[in-house]
Protein chains: 4
Amino acid sequence: MLAIGVDIGGTKIAAGAVDEQGRIVASATRRTPAQDPDLLEQAVADAVRELREHHPVVAVGIGAAGFVDADRRTVVFAANLAWRDRPLAANVEALVDLPVVVENDANAAGWAEFRFGPAADAENMLMLTVGTGLGGALVLDGKLIRGAGGFAGELAHMTIVPDGQWCGCGNRGCLEQYTSGSALVRSARAGAIGGDPLLAPLLAAAGGDPAAIDGPLVTRLAQEGDEGARREIAGIGAWLGRGSASIAALLDPEIIVVGGGVIAAGDLLLDPARDAYARSLTARTHRVLAPFVPASMGNEAGMIGAADLARGGSSD
Amino acid sequence: MLAIGVDIGGTKIAAGAVDEQGRIVASATRRTPAQDPDLLEQAVADAVRELREHHPVVAVGIGAAGFVDADRRTVVFAANLAWRDRPLAANVEALVDLPVVVENDANAAGWAEFRFGPAADAENMLMLTVGTGLGGALVLDGKLIRGAGGFAGELAHMTIVPDGQWCGCGNRGCLEQYTSGSALVRSARAGAIGGDPLLAPLLAAAGGDPAAIDGPLVTRLAQEGDEGARREIAGIGAWLGRGSASIAALLDPEIIVVGGGVIAAGDLLLDPARDAYARSLTARTHRVLAPFVPASMGNEAGMIGAADLARGGSSD
Amino acid sequence: MLAIGVDIGGTKIAAGAVDEQGRIVASATRRTPAQDPDLLEQAVADAVRELREHHPVVAVGIGAAGFVDADRRTVVFAANLAWRDRPLAANVEALVDLPVVVENDANAAGWAEFRFGPAADAENMLMLTVGTGLGGALVLDGKLIRGAGGFAGELAHMTIVPDGQWCGCGNRGCLEQYTSGSALVRSARAGAIGGDPLLAPLLAAAGGDPAAIDGPLVTRLAQEGDEGARREIAGIGAWLGRGSASIAALLDPEIIVVGGGVIAAGDLLLDPARDAYARSLTARTHRVLAPFVPASMGNEAGMIGAADLARGGSSD
Amino acid sequence: MLAIGVDIGGTKIAAGAVDEQGRIVASATRRTPAQDPDLLEQAVADAVRELREHHPVVAVGIGAAGFVDADRRTVVFAANLAWRDRPLAANVEALVDLPVVVENDANAAGWAEFRFGPAADAENMLMLTVGTGLGGALVLDGKLIRGAGGFAGELAHMTIVPDGQWCGCGNRGCLEQYTSGSALVRSARAGAIGGDPLLAPLLAAAGGDPAAIDGPLVTRLAQEGDEGARREIAGIGAWLGRGSASIAALLDPEIIVVGGGVIAAGDLLLDPARDAYARSLTARTHRVLAPFVPASMGNEAGMIGAADLARGGSSD
């Protein structure tokens, strides 16, 4: 039984026919008409039609950045697309005559990791996606947690430092300001500007221009053994561990999956997270510590998870 | 269909036969043999037998302070009782020949508020119990959240201030150190010792002895209009709101129930919590803000909730 | 006995002949050749010559943004001008044949407030200049404090919030990030973006564009009674008081003078500072609290202070 | 020319005749009548008389814990002795017929380090005394800084962590709560209670009782190479460095002297302080970093410094 998963990115719509083992059997892409919701829905429908030509499918799942209501029908708000209270599921259903569910993209990707990735044997998973920003997904007792209004999983905006770094959301000290690719780059640049001698090799690798320091450069130098770059990655790793420990005090997950571009740093990121987690978690001597493991589903996680959710996938 | 709920406190065991509407139809008490687990179980069984003489019951639910495993059978650790990995459910079942479930007492009390209290119409509830310490319970999609090992709900030990006040749990900056009866008293005493003129009336009411300032005194003066006492309660209220906003970013509850002794201060506690919550919650303009409401089930919440959980109570 | 004070700004050089009571008897201005140190020194010399045509002067004092060495001869580093280890005093002396001293501009302005402004009767003064950034000056026992290398008074870069807002200096949580015109604007914009209802009038006054909120607008609305604008100014005022309390724990000043553009807000800024200071200062019941008073010497403070320092002005 | 220095401790009065090179040529001790100010002054006078029998002296300097007014005549307040606005200098002068000056004991000890210890060649010194609590002394341009009311040097009560650990002074987040012997012990005990595996050897060395962990034990294990003990000392060392960096931003000292019992840990304390200082100090690339050096004058520093101050010692 196949379902189609659609991942709507800022520039590209990626659709795939996904089987019950999470394998993509066919795929199709379209450009994203970011400023026109009608055209965007038609592009989605068009990709769905292309896949259906050769594959019978039972449902469509759409993953999109933004707040999706608890019924998984409406995009309440999306920062990068022209959606405000858009009844996306109903609109696409009208175009393709298949049941459609909409899901926040981080939730969809998290669901793929839970169903087919490193958390496939777990019932309780915390997922953190450390990309430019920070995303998250929660599965408790085998269920994706959406919250009363569909807004759950916004762990990026837990306040982790009172009076801390301002966040684009209008608050200060949000976790995303401390553990994300942006946080990594900002810290490395600031240290380089401040003349930190440990960051001299990184600055040199950036041609002497602090503004040329970016995440891949820090990661590359760290992998080559550069101490300054390693310290910077360890810095955001430690906050990843501390933030996870607060979440674990509340939710007691059995596994913590870490995805996103920064996971390219591997254990250079995860080991400091593990250390900080072990030191920050309350009652740590009375419980089994959840392991931190890298996500395994890659860029197609959102598509696969959306398809599985549309099919009514569950962990049972 | 009646079930018995048992609330094991540090000095008293309170048992009650509870009906399906959460009403206590009969009750029995015993003293707590805190240092002898065998005697304690016999005392529980004895109270159960007393209630069964006149009431047919189908199950027994036991609420106890401490970590209870996810199967709700074993007390892993209790700070105040002599339990370490104690198979409490099995032991009591052997004595009373009824199915027994064990639950953390804050979870049991939270369940009562969810089923029969102010959250009766909700599916997603955050409960915070502000007593001497801070307790918590979570219900998501109608299910009490226990976590992988039964340790969920320990919101008291989320880190809210890095490098903050040391906590008895061995970490620093735990939420309990900022919003609890102990936090209230410590702040009021420190201010009085430091000569804060706004706290002069409170200090005078304590006979000039900072150590004589306690929670009920602060609450009483606050209710009488004393500005210093009100500021102190507002202080822990603001942290209650900030902590709740971090939790809400993660879980998006539809209602926040506040119980515990400090709730005697009513809106003097809750209004600052509401303000801080509204100011701290991410994406607040896109969502409905969860209301903060006082718990209504009183001291019997633990007993009632334990009974309902034993009966397999659900919100459906 | 007249001395010339020169205030080198980013766009304008302002020079004045100043008498022993701190009065400007004549003035001259030149444009700042910011990128050419030689031309800049010639422009200074030119302004000095113009003033000397009609006024006998004994010395020249130059105030400039940047780090000036402890001998008051050399500009070690200036962020906005093309000086690196520039022997400014010697160079200007060679051009004008008068003794020249160089002083950091915040120090020079602070000295004017100490000699002729609200601190004229004091021996120990803390001055904070709350402009776009934050400047400072210290006078202890009647002496301007320069430190071992001339770097004293950089109170803007005391760490006030560990892991706080990044600062352009390469550190986090610097006081300047919490109390300055920039901090005020950033906070007001963030609140407006975040949808804070209290900031709706401010946002409306900015034509609905958060980026159009600036310091003068916040101050004007605050003076007109707008609650949101007042709260924002009170926010940076409270940090001003807290920072001052830490400095006072260390240095025990008898008066705290506050200058800079943000002081236009008057007691809307200073009252919250006074409150926070009184609540944060250690041993406050055993000591007289230093008053917070506005600076009175205006934009000419730097010129006047530089002149007085050149003349060897002292408080005796 | 000899002067007598008197160090009034909680249990012992130590007096010494001190020469102009800071050498003690004779000494005398008395027990401290802590609760009777009259008897205490007589005991001081008695010790002075004993020393004068064989040594001609020109003045008496008394060092005492507490707040001493700026005229160095009156003890405003002392936590451990029965003094409140006590005219100690006048009273002792009446008994011994010699000029008497009173000085805060940390100031007196700091002065000894400045005149005869590692800062003998400096003009600007920051001294921190890391004992059970935290003391401090400042010398700027060769002058001991007392502040307007004699309260300067209370660096222990600079706020270093907003909303941090409560302090006995009535404030939160004071530096003393983060770098002091008490802070060291509290952290080590908390970690041991929390089950930190790195602290297992320390806990074992304390016989398994966290309450038996004390400062000398942590220091001993650290010196023997124990990783957990070293981490704990490094923890308070890092805060020592961070606090010093904030002070240095303000005052730009040329040397930082560290005394007190915890300095027994030597570079295990100072190296982390140096690292944190270098990373936290603003504009670090433009200036010479002040060295951290251990105090050298030992327990007699207070006596020697008080004597030198009484004689009118200066660095010129």
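Numbers restart at 1 for each chain; the letters A, B, ... are given by sequence-line order, proteins then strands.
- The candidate from C:V288, C:L175, C:I247, C:V76 with the greatest count of non-hydrogen atom pairs under 4.5 Å with chain D is C:I247.
- Contact count versus chain D (heavy atoms, under 4.5 Å) is highest, among C:A245, C:G170, C:G153, for C:G153.
- For C:R279, the part lying near chain D is the backbone, with the side chain staying farther off; criterion is any non-hydrogen pair under 4.5 Å.
- Side-chain contact check for D:L250 versus C:E154: every heavy-atom pair is 4.5 Å or farther apart.
- Within the 4.5 Å cutoff, the side chain of C:W239 has heavy atoms near those of the D:P162 side chain.
- Side-chain contact between D:E176 and C:T282 is absent, with no heavy-atom pair separated by less than 4.5 Å.
- In terms of modelled atom types and a separation under 3.5 Å, the side chain of C:S246 and the main chain of D:T159 share a donor-acceptor contact.
- In this structure, the separation between CG on C:L138 and CG on D:L140 is 9.0 Å, given to the nearest 0.5 Å.
- Neither the backbone nor the side chain of C:I255 comes within contact range of chain D; no heavy atoms are under 4.5 Å apart.
- Ranked by heavy-atom pairs under 4.5 Å with chain C, the first of D:N171, D:L281, D:I145 is D:N171.
- For the atom pair C:C169 SG and D:R284 CZ, the distance stands at 7.5 Å (nearest 0.5 Å).
- Of all heavy-atom pairs spanning C:N124 and D:G147, the tightest one is ND2-C, 4.2 Å.
- Scanning all heavy atoms of the two residues, the minimum distance from D:H286 to C:F77 falls at CE1-CD1, 3.3 Å.
- By the 4.5 Å heavy-atom criterion applied to side chains, C:M158 and D:I160 are not counted as neighbours.
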**Message:** If you apply the rule side chain to side chain contact (heavy atoms under 4.5 Å, CB included), what do you find for C:D141 with D:D141, and how did you get there?
**Reply:** CA-CA 11 Å; C:D141 292 329; D:D141 292 328; over 6 Å; no
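- For the pair D:D252 and C:R146, the salt-bridge criterion is not met [side-chain N within less than 4.0 Å of a carboxylate O].
- When each of C:G173, C:S280, C:P253 is checked for heavy-atom pairs under 4.5 Å with chain D, C:S280 comes out on top.
- The residue among D:A249, D:G243, D:G136 with the most heavy atom pairs within less than 4.5 Å of chain C is D:A249.
- Chain D forms the most heavy-atom pairs under 4.5 Å with one residue out of C:R287, C:R84, C:R172, C:R242, and that residue is C:R287.
- Using a 4.5 Å cut-off between heavy atoms, C:F67 touches chain D through its side chain atoms alone.
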